[in-house]
Every structure is written in C-alpha cells, then in structure tokens.
Amino acid sequence: MRHGKYPFIVGFLFLPIVLYVGLVLWPYAQTFGYSLTNWSGASQEMDFVGLDNYTRLLDDEVFAGALWHNLLLLILLPIVTILIALFFAFMLNVGGRGGTGGVQGVKGAGFYKVVFFFPQVLSIAILAVLWGAVYRTDGSGLANGVLIKLGLVSANDPVQWLSDPDLVLWCVLAVLVWSGVGFYLVLFSAAMQGIPKDIYEAALLDGAKRGQTFFKITLPLLWETVQTAWVYLAIVAMDAFALVASITPGAYFGGGPDHHSELISTYLMRSFLRNGEAGYACAMGVVIFFFTLILTVVSLWATKRDKIEY
C-alpha cells in the first residue's frame, strides 16, 4: 500500500468526486446557463438573452421585497434561536447547584430536553396544521383565544395573524424559532457536557455570578459550536420555502398577503411553475446561491476567534 498510495487514494476519491460533479456542480452550471435564456420550462426551445433576466431582477419590486424578507430572517432567526437555545442549554446543564456545592442542571433537565426537542421531529406538514390552528382567525384559534380570555382583543375583531401584512412575517419567524430551538439546545448541551464542571465550581467559589460564568466561561468555550449553528440557521432562513408555502395566504406557494411574506424561493417557484418563466426563475436561483455563499463566508469570518483550550 505504501508504494501504491496515490492510486489507492485516487481509487477511493474518484467515484465520490464524479458523483459530486454530476449531481451538484453540473446542475449549478446548468442553472446559470438557463438563467441567460428565455426558457419557459415546458419545452426545449430557448433563446439566449444574456443578462436580461438579471437586469429585470434589479427593477422587480416583488423580488426586492422577497430579498429583504430573506435578509430579515437571516439576521433575526440565528440571533433569536441561538440566544434562546443557549439560555435553556445553560440552565439545563449548569443552571442548578448540587447540595454539596457542585454544579448541575436544573431538576428534570432530561425531561425538558425531550420536550424542547419534540418540535424537531415534526414534519413541515404537521407544523403547518398545528400553527394553522394556533393562528386561526376566530375564537377557536389558540392565539386569539388566549387574547380574548385576557380581554386584550374582542371576539368580534380577532387578530388576523396571517392576513395582516405587518404580522405575517413575524408569525413565520415565530414558527421557525419554535421548531428549531430544541435541536440547537441539544447541540449546545452536548458541547457543554464536554466542559469540566471544575471550571464552573472554581468560578462560583471565587464569587462569580451565573451571568458571569455564562459570558466568561460557557460562551467562549462554545464559540465554535455557535459558529456552526449560525451557518446552519442561515441556510434554514434561506430555505423556509415549505413553511411559507404551507401556512401563508396567497395562490401558488403563499407569500401573501400582498407579497408581505414573500421569499425568494416562493417567488422563484411561482415564476417557474405558474408564470412559465424558467429562465427568470433560474436567475433568482443563481442570486440565492451567491447570496447564501457570501453570507456564509462573511458569517464565518465575522465570528472567527482563536480556539480556547481547557
């Protein structure tokens, strides 16, 4: 094997590389090629139009709004989800104190982890049905029912959660956060369990408060895990098509009311399947690719820190 090392390595890498090129890189290249045409998606006929599709995107108000909505999700979803998951993970792992002065999680931590993780196992279809019932625009909806019981809204004038242009995107964000917190709680909990409890106990003996141990010990030692979670959540924010298409109003993949919950992916699918503008839709796909790539690189660079050993 020592004499035939390179043929051995090439033999193992050849098939995966061929599959990656054929199933990943080549479709991307095809998408870019189609974005330079007026292909309708329903025939093999197409004409080269150059950068006309990209020029059209610059003047498309619906696309600009969808891009802004994606940007809001890219900023808010990772921040909110990571903060909530970190807080609960900290409480479930080192939020309590044993009778002998040791550090441990709050009572019932194992049960809480299962409860928080439960939404992660639900499919998008179940999430759509569940949150459709929560956001129902009458007294039978959970959200309006609670507000009516508290006397904050009238039963004759309930909140139109998914039909209100000012609320619909925040409703989508709430579902994304609720369904994602459990996974990152478990992820952060697993990372915290690798931190020696002696560090926390020494800090507490020196008079450190819980908040200080979180910001001075937990967060620095979990920074690489947080960085990874940020990238994954950014991808989720760009790939919220299924949820938006399932719970928001609007013909053909949601996005309503009046495009106030429109994402690039929902606008792309509507252009491709309803409007027969496959070339234009491919141009949006290329924009999504570079937008996600740039944001991932920027996020990794902005959150880069020296590794802390313990």
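For this chain, numbers begin at 1 and follow the sequence in order.
- Across every non-hydrogen atom of Thr137 and Val159, the tightest pair is CG2-O, 4.0 Å.
- Electrostatic pairing of Glu277 and Arg270 does not count as a salt bridge here, judged by no charged N lying under 4.0 Å from a carboxylate O.
- Atom CG of Asp157 is separated from atom CG of Asn144 by 9.5 Å, given to the nearest 0.5 angstrom.
- Applying the ring-ring contact (aromatic ring centres under 6.0 Å, His included) test to residues at least two apart or on different chains, the pairs with a partner in residues 22-62 are Tyr28-Phe289, Tyr34-Trp39.
- Within the structure, every pair that satisfies the side chain to side chain donor-acceptor pair (under 3.5 Å) test and touches residues 182-192, not counting sequence neighbours, is listed here: Asn93-Ser189.
- Shown here is Phe117, whose CZ atom has more than 12 heavy atoms of other residues, nucleotides or ligands within 6.0 Å.
- Between atom CG of residue Leu51 and atom CG of residue Leu57 there is a gap of 11.0 Å, rounded to the nearest 0.5 Å.
- Follow the hydrophobic side-chain contacts under 4.5 Å out from Val287 and you never reach Leu58; the two are in separate clusters.
- Leu122 and Trp178 make their closest contact through CD1-CH2, 4.2 Å (heavy atoms, listed as atom of the first residue, atom of the second, distance).
- Partners of Phe291 by ring-ring contact (aromatic ring centres under 6.0 Å, His included), not counting sequence neighbours: none found.
- Within 6.0 Å of OH on Tyr112 lie no more than 12 heavy atoms contributed by other residues, nucleotides or ligands.
- Side chains of Asp60 and Tyr280: a donor-acceptor N/O pair is present below 3.5 angstrom, by distance only.
- To the nearest 0.5 angstrom, Arg56 atom CZ is 7.0 Å from Met284 atom CE.
- The side-chain contact (heavy atoms from CB on, under 4.5 Å) test applied to Pro27 returns no partner, not counting sequence neighbours.
- Minimum heavy-atom separation, Val286 to Ser35: CG2-OG, 4.1 Å.
- Closest of all the heavy-atom pairs between Thr37 and Gly33 is CG2-O, 3.6 Å.
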Below 3.5 Å, can you tabulate the donor-acceptor pairs from side chains in residues 63-89 to any protein atom, sequence neighbours excluded?
{"from": "His69", "atom 1": "ND1", "to": "Gly65", "atom 2": "O", "distance (Å)": "3.3"}
{"from": "His69", "atom 1": "ND1", "to": "Glu262", "atom 2": "O", "distance (Å)": "2.8"}
{"from": "Asn70", "atom 1": "OD1", "to": "Ile264", "atom 2": "N", "distance (Å)": "2.9"}
{"from": "Asn70", "atom 1": "ND2", "to": "Ala237", "atom 2": "O", "distance (Å)": "3.3"}
{"from": "Thr81", "atom 1": "OG1", "to": "Leu77", "atom 2": "O", "distance (Å)": "2.8"}

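- We find the OG-CG distance between Ser154 and Leu147 to be 11.5 Å, quoted to the nearest 0.5 Å.
- Note on Leu268: it does not cluster hydrophobically with Val49, by side-chain heavy-atom contacts below 4.5 Å among ILVMFWY residues.
- Residue pairs meeting the ring-ring contact (aromatic ring centres under 6.0 Å, His included) criterion with at least one member in residues 234-271, sequence neighbours excluded, are Phe241-Phe253.
- Ser179 and Gln120 make their closest contact through O-OE1, 3.0 Å (heavy atoms, listed as atom of the first residue, atom of the second, distance).
- Listed here is the closest heavy atom pair of Val244 and Ser261: CG1-O, 3.4 Å.
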